[in-house]
Amino acid sequence: ALAERANLAGVQHILLVLSGKGGVGKSTISTELALALRNAGKRVGILDVDLCGPSIPRMLRVQDSAVHQCDSGWVPVFVGQDKAIALMSIGFLLERPDDAVVWRGPKKNALIKQFVTDVAWGDLDFLIVDTPPGTSDEHISTVEALRPFQLLGAILVTTPQ
């Protein structure tokens, strides 16, 4: 558990981006929020736990990047010329970016826990967590895994209808 704390120890605030349904723009909000915070001089990371539709690597034009290992876990992909946004996504672990992930609960939950504990984020002002649509096991797993840390809160993305 000490290693877990170490990887998120430098993260000041964690923000979950959630919605009750798909297609409302969670990944867009997550990406725009990360860019806005970065432009305000903040150090930002995005954790894309949308296992079935990891779109953030494509939005940030890093879908062909590979994830590397270091002593403390996975090294996130750094985005932009200034490398100011750290990103970890299931999209980096798939053979082809358009592959769908069809996994049952325990495997998904284990991967989410691994994403929370095994990514070497370094010092961040904000970690934005882009979640899958709905209210599923993945959300419970994500919140459980993040419970020991200072969660800033959640942004709920809705549509007008």
Side-chain angles (χ1 to χ4, degrees), residues 1 3-19 22 24-38 42-70 72-80 83-94 97 99 101 103 105 107-157:
E4 293 178 22
R5 290 201 187 283
N7 273 340
L8 282 171
V11 177
Q12 299 304 311
H13 304 289
I14 302 172
L15 263 175
L16 292 180
V17 179
L18 310 151
S19 76
V24 297
K26 277 181 307 304
S27 297
T28 302
I29 294 281
S30 296
T31 301
E32 291 293 333
L33 184 60
L35 292 168
L37 287 166
R38 186 203 62 194
K42 303 298 183 190
R43 295 162 304 179
V44 184
I46 304 175
L47 175 56
D48 183 4
V49 293
D50 189 347
L51 305 185
C52 298
S55 53
I56 291 185
R58 181 175 289 137
M59 288 181 173
L60 292 171
R61 295 198 181 107
V62 290
Q63 66 268 35
D64 297 325
S65 301
V67 170
H68 302 286
Q69 294 274 336
C70 67
S72 48
W74 284 324
V75 179
V77 169
F78 292 94
V79 179
K83 306 282 187 211
I85 296 177
L87 172 62
M88 176 52 83
S89 170
I90 179 76
F92 299 136
L93 306 179
L94 300 175
D99 285 353
V101 179
W103 287 347
K107 195 169 178 186
K108 287 197 280 195
N109 296 342
L111 182 70
I112 287 170
K113 186 158 174 34
Q114 199 174 3
F115 267 2
V116 169
T117 58
D118 293 353
V119 178
W121 292 107
D123 291 330
L124 295 178
D125 295 307
F126 290 91
L127 178 62
I128 297 163
V129 184
D130 186 40
T131 67
T135 51
S136 64
D137 271 3
E138 284 104 301
H139 299 88
I140 296 167
S141 299
T142 303
V143 171
E144 294 270 303
L146 291 170
R147 182 162 289 161
F149 309 99
Q150 296 294 66
L151 260 178
L152 178 64
I155 294 175
L156 190 61
V157 183

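Residue indices begin at 1 and follow the sequence shown.
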Stepwise ring-ring contact (aromatic ring centres under 6.0 Å, His included) test for Phe92 and Trp74:
CA-CA 11 Å; Phe92 299 136; Trp74 284 324; over 10 Å; no
Of all the heavy-atom pairs spanning Gln63 and Arg58, show the shortest one and how long it is.
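Heavy-atom minimum between the residues: OE1-CA, 3.6 Å.
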Provide the closest heavy-atom pair for Val157 versus Gly25 in the form atom of the first, atom of the second, distance.
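Shortest heavy-atom contact: CG1-C, 4.3 Å.
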Exercise: identify the closest heavy-atom pair between Met88 and Val67:
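Result for this residue pair: CE-CG1, 3.5 Å.
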Value for NE2 (His13) from CG (Leu124), rounded to nearest 0.5 Å, stands at 11.5 Å
For the student: nearest non-hydrogen atoms of Leu15 and Phe126, plus distance:
CD1-CD2, 4.4 Å
Test Ile56 against Ser89 for side chain to side chain contact (heavy atoms under 4.5 Å, CB included), laying out the working first.
CA-CA 8 Å; Ile56 291 185; Ser89 170; 5.8 Å; no
From Leu127 CG over to Ile46 CD1, what is the distance, rounded to the nearest 0.5 angstrom?
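The distance works out to 9.0 Å.
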Mind running side chain to side chain contact (heavy atoms under 4.5 Å, CB included) on Asn7 and Thr117 for me, showing each step along the way?
CA-CA 6 Å; Asn7 273 340; Thr117 58; 5.9 Å; no
In Å and rounded to the nearest 0.5 Å, what is the OG1 to NZ distance from Thr31 to Lys26?
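Thr31 OG1 to Lys26 NZ: 12.0 Å, rounded to 0.5 Å.
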Arg43 backbone acceptor or donor facing Asp125 side chain under 3.5 Å:
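Side chain of Asp125 to backbone of Arg43, a donor-acceptor pair under 3.5 Å: yes, one is there.
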Which residues share a side chain to side chain donor-acceptor pair (under 3.5 Å) with Asp50, sequence neighbours left out:
none
What residues, two or more places apart in sequence or in another chain, satisfy ring-ring contact (aromatic ring centres under 6.0 Å, His included) together with Trp121?
none
Drop me the distance from Leu35's CG to Ile85's CD1, to the nearest 0.5 angstrom.
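Interatomic distance, Leu35 CG to Ile85 CD1, rounded to 0.5 Å: 4.5 Å.
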Stepwise, does the side chain to side chain contact (heavy atoms under 4.5 Å, CB included) test hold for Leu18 with Ile155?
CA-CA 6 Å; Leu18 310 151; Ile155 294 175; over 6 Å; no
Please report the closest heavy-atom contact between Asp48 and Pro54, naming both atoms and the distance.
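Looks like OD2-CA, 3.4 Å.
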Provide the closest heavy-atom pair for Ser72 versus Ala120 in the form atom of the first, atom of the second, distance.
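Result for this residue pair: OG-CB, 3.5 Å.
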Contacts of Ser27 meeting side chain to side chain donor-acceptor pair (under 3.5 Å) (sequence neighbours excluded), chain-then-number -> Ser55, Asp130
Does Glu32 have any side chain to side chain contact (heavy atoms under 4.5 Å, CB included) partners at least two apart in sequence or in another chain, and if so, which?
Thr28
Exam field: side chain Thr131 to backbone Val17, donor-acceptor pair closer than 3.5 Å
yes
Taking only residues two or more places apart in sequence, or in another chain, which ones meet Arg38 in a side chain to side chain donor-acceptor pair (under 3.5 Å)?
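None.
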